[in-house]
Amino acid sequence: MNYRSETQELIMKKDTMDTPVETNETKKPKKDQEYKIITRNLDVFYGEFQALKNINMKILPYSVTALIGPSGCGKSTYLRVFNRMNDYIDDFRIEGDVIVDRKNIYTEKIEIEQLRKDVGMVFQKPNPFPKTIFENVAYGLRIQGVKDKHFINEKVESSLKQVTLWDEVKDNLKKNALALSGGQQQRLCIARTLAVEPEVILMDEPTSALDPISTGKIEELLFDLKNEYTIVIVTHNMQQAARVSDHTAFFYMGDLIEEGKTTQIFTKPSNKRTENYITGRFG
Amino acid sequence: MKKTKEVVIEKFLLFSALITILTTIGIVLVLAIEAFKFFREVSVFEFLTDTEWTPLFTKKRFGILPLLSGTFLTSIIAIAVALPIGLTIAIFLSEYAPRKFREYIKPSLEMLAAVPTVVYGFFALTVVTPFLQTIIPGMSGFNSLSAGIVMGIMIIPIISSLSEDALRAVPNSLREASYGMGSTRLQTAFKVTVPAASSGIVVSIILAISRAIGETMIVAIAAGQQPRLTMNPLVPVETLTAYIVQVSLGDVPHNSLEYRTIFAAGITLFIFTFILNNISHWIKNKYREKYD
Ligand SMILES: Nc1ncnc2c1ncn2[C@@H]1O[C@H](COP(=O)(O)OP(=O)(O)O)[C@@H](O)[C@H]1O
Ligand SMILES: [Mg+2]
């Protein structure tokens with residue numbers, strides 16, 4: 001399979017597309033305050049097992065960061081650190097700093113509900129509530145105690161428009177969300193997250209359960225969304241990482257092997273293992 | 001060789017199944033025949049509308065309503081006790097309790113259902129009633145309130161256990177979606193998990209009602225043996241089941257009209273529990289595999 005050249009072609013196209021912004025970015029080194037998320041010396045354990053080892057990484061706002069690596073390398077674990085979704089696991093333990101918006105979310109006094117409003121999440125398998133389409137999108141507002149019907153209506157509409165689902169469902173807002181197709185369900189789940197007005201959106205293999213057309217729609221969406229949100233996406237699809245992301249981080253067995261601009265990771269990876277992985281030699 | 005063995009086992013299983021079915025048919029048949037004989041002498045109209053039930057007196061009246069009201073009054077009290085407690089336990093166990101704790105507490109709760117009902121009956125009569133009498137003066141020694149409360153305690157595990165199963169069958173992905181948008185545990189439980197498990201919860205409630213309606217020992221011991229059309233929980237009443245016990249244990253001659261009254265009461269009881277069980281079955285089937 002001509003996997004490598006395909007991916008590289010994508011990168012070249014992207015390179016020319018993004019050039020003005022990218023060069024700007026690379027010139028001056030950034031201060032920590034300019035990053036949305038920073039992890040320092042992060043270790044994560046499940047009981048005795050260490051799932052992440054000394055991860056140091058900084059994530060820029062208004063960009064798409066892709067986490068790649070073979071399955072079991074800790075991508076989901078890492079992603080779920082950012083909204084403290086691992087807290088419910090009995091023997092989960094964390095060491096090091098995780099800083100979101102200049103706040104250490106594990107040591108400082110923060111409200112976990114507020115953190116999760118700011119750091120939204122989209123899951124691997126579409127997981128709409130067994131409620132109507134409307135109620136799915138309105139859910140986040142309702143739990144915040146919003147009563148203003150007009151406001152809720154507008155928010156539902158605008159969120160569904162953002163994910164280009166509005167035209168498909170506007171006449172069926174009272175229909176059960178489980179009746180939608182998988183791709184529609186996933187876009188609904190994104191709309192549901194957007195309705196809460198997060199700043200960061202975490203996506204854990206959001207298209208792995210979807211057909212190519214639905215996948216394409218969601219990838220397109222990412223281009224629009226990154227103007228307003230910071231997006232971190234886990235994907236096992238190299239071409240998807242190449243297409244949608246600005247930055248890429250490669251994980252292997254709990255280690256962050258390499259991270260940097262997507263163009264650079266995919267064209268001149270500095271680590272042999274990264275190269276092997278993105279060229280499809282293992283994984 | 002293996003083939004014959006399997007055939008034998010298969011036949012044996014079929015035989016066991018047939019016995020069960022035949023027994024059920026037999027019971028229903030006896031009930032129906034005896035009830036039919038009863039209704040040749042007492043009109044269905046009188047049975048359903050007369051407000052007194054005095055088949056053992058010289059002036060006989062055959063209105064089932066007093067027995068029905070006794071049954072429903074005790075059952076309603078039982079559900080009023082068991083539903084909030086059972087549901088709270090179910091939500092706590094499935095949404096809050098650590099796994100270890102749940103594994104320990106659930107079997108102990110189910111022990112409640114293993115206590116012989118005669119023990120509950122005496123507990124109601126000798127502990128609950130005297131205690132309630134100190135709070136409510138004028139309460140009779142036999143009453144539907146204590147019987148209902150104790151019956152409610154007995155059926156708590158039906159609601160808590162089956163509801164907890166239903167709650168735990170709700171996929172974790174829905175909880176995660178809810179937490180992920182900033183919901184608290186309580187919001188997630190009441191806005192996502194409970195609604196998603198509602199069919200299973202309703203089934204547990206119906207089965208609990210069915211169990212309460214059919215419960216015999218507790219009401220026979222603690223609620224009294226005075227058929228009375230009333231909604232007053234402080235006075236003696238008699239339930240359908242308690243009446244059946246009373247006549248079965250008494251010296252009423254077989255094949256008499258008095259004796260057949262228990263089949264009339266029995267078939268009334270059977271119709272109610274049959275309907276309730278079918279509703280729960282129907283709900284279970286209708287909402288099964290909603291998430292696949
Ligand atoms: N709840 C858990 N308890 C114990 N080990 C876990 C748990 N979740 C994940 N792991 C382990 O942590 C490692 C990383 O898992 P994960 O982050 O899901 O990997 P990825 O998303 O990259 O496939 C795997 O070896 C996995 O088996
Ligand atoms: Mg994963």
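Residue numbering restarts at 1 for every chain, and letters A, B, ... go by the order of the sequence lines.
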Using heavy-atom distances under 4.5 Å, tell me whether A/P198 contacts chain B through its side chain, its backbone, both, or neither.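 For A/P198, no heavy atom lies under 4.5 Å from chain B.
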Which atoms of A/V122 come close to chain B, meaning under 4.5 Å heavy atom to heavy atom: side chain ones, backbone ones, both, or neither?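 For A/V122, there is no contact with chain B at all, as no heavy atom is under 4.5 Å.
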Would the number of heavy atoms belonging to other residues, nucleotides or ligands and lying under 6.0 Å from [atom1] of [X] be above 12?
| X | atom1 | answer |
| --- | --- | --- |
| A/Y62 | OH | no |
| B/E10 | CD | no |
| A/K170 | NZ | yes |
| B/M111 | CE | no |
| B/Y96 | OH | yes |
| B/L14 | CG | yes |

Any donor-acceptor N/O pair, A/K131 side chain to B/P195 backbone, under 3.5 Å: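 Checking the backbone N and O of B/P195 against the side chain of A/K131, no donor-acceptor pair under 3.5 Å is found.
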For B/L174 and A/N127, which heavy atoms make the closest approach, and how far apart are they?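 Scanning both residues completely, I find the closest heavy atoms to be CD2-O, 3.7 Å.
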Heavy-atom side-chain contact between [X] and [Y] under 4.5 Å:
| X | Y | value |
| --- | --- | --- |
| B/E176 | A/M85 | yes |
| B/R185 | A/Y88 | yes |
| B/S178 | A/F129 | yes |

May I ask you to name which of A/Q114, A/E111, A/R116 has the most heavy-atom pairs under 4.5 Å with chain B?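 Top option by heavy-atom pairs under 4.5 Å: A/R116.
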Only heavy atoms, only distances under 4.5 angstrom. Which residues in residues 185-192 of chain A are near chain B?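 Only A/R192 of residues 185-192 of chain A have a heavy atom under 4.5 Å from chain B.
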Can you pull out the residues in residues 139-162 of chain A with any heavy atom less than 4.5 Å from chain B?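 Residues A/Y139, A/G140, A/R142, A/I143 are the ones that qualify, each having a heavy atom under 4.5 Å from chain B.
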Please round to the nearest 0.5 Å and tell me the distance separating atom OH of B/Y179 and atom CD1 of A/I112.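 Here the rounded value is 11.0 Å.
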From A/K125 NZ over to B/S173 OG, what is the distance, rounded to the nearest 0.5 angstrom?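 Answer rounded to 0.5 Å: 6.0 Å.
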